[in-house]
Amino acid sequence: ILNVEQSPQSLHVQEGDSTNFTCSFPSSNFYALHWYRWETAKSPEALFVMTLNGDEKKKGRISATLNTKEGYSYLYIKGSQPEDSATYLCASPNAGNNRKLIWGLGTSLAVNP
Amino acid sequence: DAMVIQNPRYQVTQFGKPVTLSCSQTLNHNVMYWYQQKSSQAPKLLFHYYDKDFNNEADTPDNFQSRRPNTSFCFLDIRSPGLGDAAMYLCATSRDTGGTEAFFGQGTRLTVV
């Protein structure tokens, strides 16, 4: 059984603050780690798909790191803006033939102006 | 331009009355997924198609069926909706399973009365 866990469950920050949250996953049979952003009334949108241990990816003010040996990924947002308010979901494929994504419960971020 | 389109955005159906949700894609992706998401829970995969190959999750109730008549379209049929089936239903596509990012529609919010 593959469990993907995210923390914290929710987060409130002030505009301009930098923040980060965590996704943890079993490190055995690792295949990939996905991060998605889901804004209210919009489609979930892929941020990153990461596969290599030690990899770091960046998109604007958002970056993510990956540690496959210890089974965690961090998502960082630098200088949070109100438009960053969303639920951030991570997911990792299971080790089976179908590689279905196992999802975390998400971190709900609210950025106050 | 939207690449994964779900219709309708909101659906109200009567208890026990069959309902069909639709999803179309312009990405020509091999894989199409249907997820169910209830409040504060992780998205739950119901089934997916890899091309014409249908993959049902073991815990998906028989009440849920799917059809993929061609690459572009996929339907979710709920034969006899119960109150517990009220949820957000998300359609997603990806080029392959596991290591490639998923593209989501905006979802259909199903209410059962």
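Letters go in sequence order (proteins before strands), and every chain restarts at 1.
- Scanning residues 99-113 of chain B against chain A with a 4.5 Å heavy-atom cutoff picks out B:G99, B:T100, B:E101, B:A102, B:F104, B:G105, B:Q106, ordered by number.
- Both A:L109 and A:L47 belong to a single network of hydrophobic side chains, linked directly or stepwise wherever heavy atoms of I, L, V, M, F, W or Y lie under 4.5 Å apart.
- No side-chain heavy atom of B:R95 sits under 4.5 Å from any side-chain heavy atom of B:L27.
- Side chains of A:V4 and A:C90 form a contact here, defined as non-hydrogen atoms less than 4.5 Å apart.
- Of residues 6-17 of chain B, those residues with a non-hydrogen atom less than 4.5 Å from any non-hydrogen atom of chain A are, in numerical order, B:R9.
- Of the residues listed (A:Y31, A:W103, A:F30), the one engaging A:F25 in a ring-ring contact (aromatic ring centres under 6.0 Å, His included) is A:F30, and it is the only one.
- Residue contact with chain A, scored on non-hydrogen atoms closer than 4.5 Å, involves the side chain of B:Y35 exclusively.
- Highest contact tally toward chain B, considering only A:S43, A:A91, A:S108, A:G104, is held by A:S43 [criterion: heavy-atom pairs under 4.5 Å].
- Heavy-atom distances place the side chain of A:Y36, and not its backbone, under 4.5 Å from chain B.
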A:L89/A:Q6 under side chain to side chain contact (heavy atoms under 4.5 Å, CB included): CA gap, chis, key distance, verdict: CA-CA 8 Å; A:L89 291 160; A:Q6 293 187 244; 4.2 Å; yes
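- Residues of residues 73-85 of chain B never come closer than 4.5 Å to chain A when only heavy atoms are counted.
- A salt bridge is absent between B:E57 and B:K44: the closest approach of a Lys/Arg side-chain nitrogen to an acidic carboxylate oxygen does not fall below 4.0 angstrom.
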In a table with atom names and distances, give each donor-acceptor pair under 3.5 Å that connects a side chain of residues 69-77 of chain A to protein atoms at least two apart or in another chain.
unit_1: A:Y72; atom_1: OH; unit_2: A:N67; atom_2: ND2; d: 3.3
unit_1: A:S73; atom_1: OG; unit_2: A:W35; atom_2: NE1; d: 2.9
unit_1: A:S73; atom_1: OG; unit_2: A:T65; atom_2: O; d: 2.6

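- With a 4.5 Å cut-off on side-chain heavy atoms, A:V111 and A:S85 count as touching.
- A 4.5 Å side-chain heavy-atom check between A:L11 and A:Y88 finds every atom pair outside the cut-off.
- Taking the centre of each ring, B:F47 and B:F64 stay at or above the 6.0 Å mark.
- A donor-acceptor contact shorter than 3.5 Å is absent between the side chain of B:N30 and the backbone of B:D96.
- Cluster membership for B:V4 and B:Y89, using ILVMFWY side-chain heavy atoms within less than 4.5 angstrom, is not shared.
- Annotation: side chain of B:R68 is not in contact with side chain of B:F54 (no heavy-atom distance under 4.5 Å).
- With hydrogens and angles disregarded, no donor-acceptor distance shorter than 3.5 Å links the side chain of B:Q36 to the backbone of B:W34.
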